[in-house]
Amino acid sequence: SKNTPLVILTNSEANAMFFEGAITVTLKENTKMFFNSYMLPLAFCNILLLRILELDPERIEANMKEYAAFADREDWI
């Protein structure tokens, strides 16, 4: 673990309290948005990840290389 905080994206405040994340975002949807219900959380994640990349691009690049090397190993399963 790299002491990464748990970020929770949910449509329910009860779920947010149950999982006790360090950062909680409640994204409400309604019946008009039912078929596009994943659009709002995905857009939020995209914005969040881009902002993290902007703040520390060298660290993100190093972590991505580490994860890629780990995924290439055959003994990780």
Side-chain angles (χ1 to χ4, degrees):
S1 165
K2 294 186 177 190
N3 297 323
T4 305
L6 177 63
V7 177
I8 298 174
L9 300 177
T10 182
N11 64 348
S12 166
E13 292 177 9
N15 283 342
M17 292 184 337
F18 177 77
F19 289 109
E20 299 178 357
I23 301 169
T24 303
V25 179
T26 304
L27 303 166
K28 299 285 185 181
E29 76 243 6
N30 59 38
T31 55
K32 291 180 183 179
M33 294 175 52
F34 179 76
F35 293 109
N36 294 323
S37 62
Y38 289 113
M39 184 57 79
L40 187 56
L42 288 173
F44 179 82
C45 287
N46 191 32
I47 292 167
L48 181 62
L49 291 171
L50 286 171
R51 183 63 180 142
I52 291 169
L53 177 62
E54 288 174 356
L55 292 174
D56 198 350
E58 293 83 17
R59 180 177 171 199
I60 301 303
E61 184 177 347
N63 283 336
M64 293 303 291
K65 286 180 181 177
E66 180 182 335
Y67 296 141
F70 179 79
D72 288 340
R73 291 178 28 196
E74 293 183 17
D75 64 338
W76 71 273
I77 295 177

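- At a threshold of 4.5 Å between side-chain heavy atoms, the hydrophobic network of Ile, Leu, Val, Met, Phe, Trp and Tyr places M64 and L53 in one connected group.
- For the atom pair L48 CG and I52 CD1, the distance stands at 4.0 Å (nearest 0.5 Å).
- With sequence neighbours left out, E58 forms a salt bridge (Lys or Arg N to Asp or Glu O under 4.0 Å) with no residue at all.
- Applying the salt bridge (Lys or Arg N to Asp or Glu O under 4.0 Å) test to residues at least two apart or on different chains, the pairs with a partner in residues 41-52 are R51-E54.
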